[in-house]
Amino acid sequence: MPVEDQLSHNLEKILKLQKSLHQIALKKTEIIKADNIEALGELMKDELKHIKAIEVLNNEREKIQHQLANEISISPQSLTISDLLSSDKIQDKEKLRNLQQQLVEQMKVLKEINELNQDLLQHSLNFVNLNLDLLLGQQESSNYNDQSSDETQSINRSIFDSKA
């Protein structure tokens, strides 16, 4: 398989995993809203598998890009898809450009959903902390309590110990 086709195939796999990760993020939002901790834990395990698979594919993509850069005489240092698209030696620019745009869009959407999920989790945590504070009562520092009780005792003594 030509290197350019290997790159396209790799990017398609990454895109497929990104879309699957998007579905997981949507499920995670619903699970967080339902306050189902067990299901959230299971879903996060699945999410982690997807992330690791994407990391492996990204490493492969970098190798393929470097190989392609060497074939078309582009410097492989900090090479991007945009750099490859600017080369006249790439045959199917439209396919690569389309995959690049889809990946960028998918990542934007995924980032937004993850930010929403993070906000929902933070609100849940704040709610739990508020309930704990209400149940346990706000504890004051022991130094403050000791000083106030000493002052109360000295004020009470001054009233009763006054000389007539």
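Just so you know, these numbers use all the heavy atoms, side chains as well, and skip hydrogens, waters and symmetry mates.
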Mind checking the [atom1]-[atom2] spacing from [X] to [Y]? Nearest 0.5 Å is all I need.
| X | Y | atom1 | atom2 | answer |
| --- | --- | --- | --- | --- |
| Leu120 | Lys33 | CG | NZ | 6.5 Å |
| Leu57 | Asn10 | CG | CG | 5.5 Å |
| Asn59 | Ile54 | CG | CD1 | 12.0 Å |
| Leu21 | Leu110 | CG | CG | 5.0 Å |
| Ile24 | Leu48 | CD1 | CG | 10.5 Å |
| Lys28 | Asp46 | NZ | CG | 10.5 Å |

Partners of [X] by side-chain contact (heavy atoms from CB on, under 4.5 Å), sequence neighbours excluded?
| X | answer |
| --- | --- |
| Lys16 | none |
| Leu125 | Gln122, Asn129 |
| His9 | Glu12, Lys13 |
| Glu71 | Val3, Gln67, Leu68 |

Legend entry - Same cluster (ILVMFWY, side-chain, under 4.5 Å), Met107 and Ile81: no
Inset, instruction - Check whether Phe127 and Ile31 end up in the same hydrophobic cluster, where Ile, Leu, Val, Met, Phe, Trp and Tyr are linked by side-chain heavy atoms less than 4.5 Å apart. - result: no
Which donor-acceptor pairs under 3.5 Å do the side chains of residues 96-104 make with protein atoms, sequence neighbours left out?
residue: Asn98; atom: OD1; partner: Gln102; partner atom: NE2; Å: 3.1
residue: Gln100; atom: NE2; partner: Ser82; partner atom: OG; Å: 2.9

Inset, instruction - May I ask you to test the Leu121-Leu40 pair for a side-chain heavy-atom distance under 4.5 Å? - result: yes
Considering residues at least two apart in sequence or located in another chain, which fulfil the side chain to side chain donor-acceptor pair (under 3.5 Å) criterion with [X]?
| X | value |
| --- | --- |
| Gln65 | Arg61 |
| Gln18 | none |
| Ser20 | His50 |

Legend entry - Heavy-atom pair with the smallest gap, counting every atom of Asn36 and Ala39: OD1-N, 3.2 Å
Inset, instruction - Could you pull out the closest heavy-atom pair between Asn58 and Ile14, with the gap in Å? - result: OD1-CD1, 3.4 Å
Inset, instruction - Considering only NZ, NE, NH1 and NH2 on the basic side and carboxylate oxygens on the acidic side, decide whether Lys63 and Glu60 come within less than 4.0 Å. - result: no
Inset, instruction - Could you name each residue pair satisfying side chain to side chain donor-acceptor pair (under 3.5 Å) that touches residues 105-119, not counting sequence neighbours? - result: Thr29-Asn117
Legend entry - Residues Asp5 and Ser8: side-chain donor-acceptor under 3.5 angstrom: no
Inset, instruction - Sequence neighbours left out, what passes salt bridge (Lys or Arg N to Asp or Glu O under 4.0 Å) with Lys52? Give chain and number order. - result: none
Inset, instruction - If you link ILVMFWY side chains whenever their heavy atoms are less than 4.5 Å apart, which other residues fall into the same cluster as Leu134? By chain and number, please. - result: Leu130
Inset, instruction - Each residue besides Val109 in its hydrophobic cluster should be listed here, by chain and number; the cluster joins Ile, Leu, Val, Met, Phe, Trp and Tyr at side-chain heavy-atom distances under 4.5 Å. - result: Leu26, Ile113
Inset, instruction - Verify side chain to side chain contact (heavy atoms under 4.5 Å, CB included) between Thr80 and Leu85, making sure each step is shown before the conclusion. - result: CA-CA 9 Å; Thr80 64; Leu85 289 171; over 6 Å; no
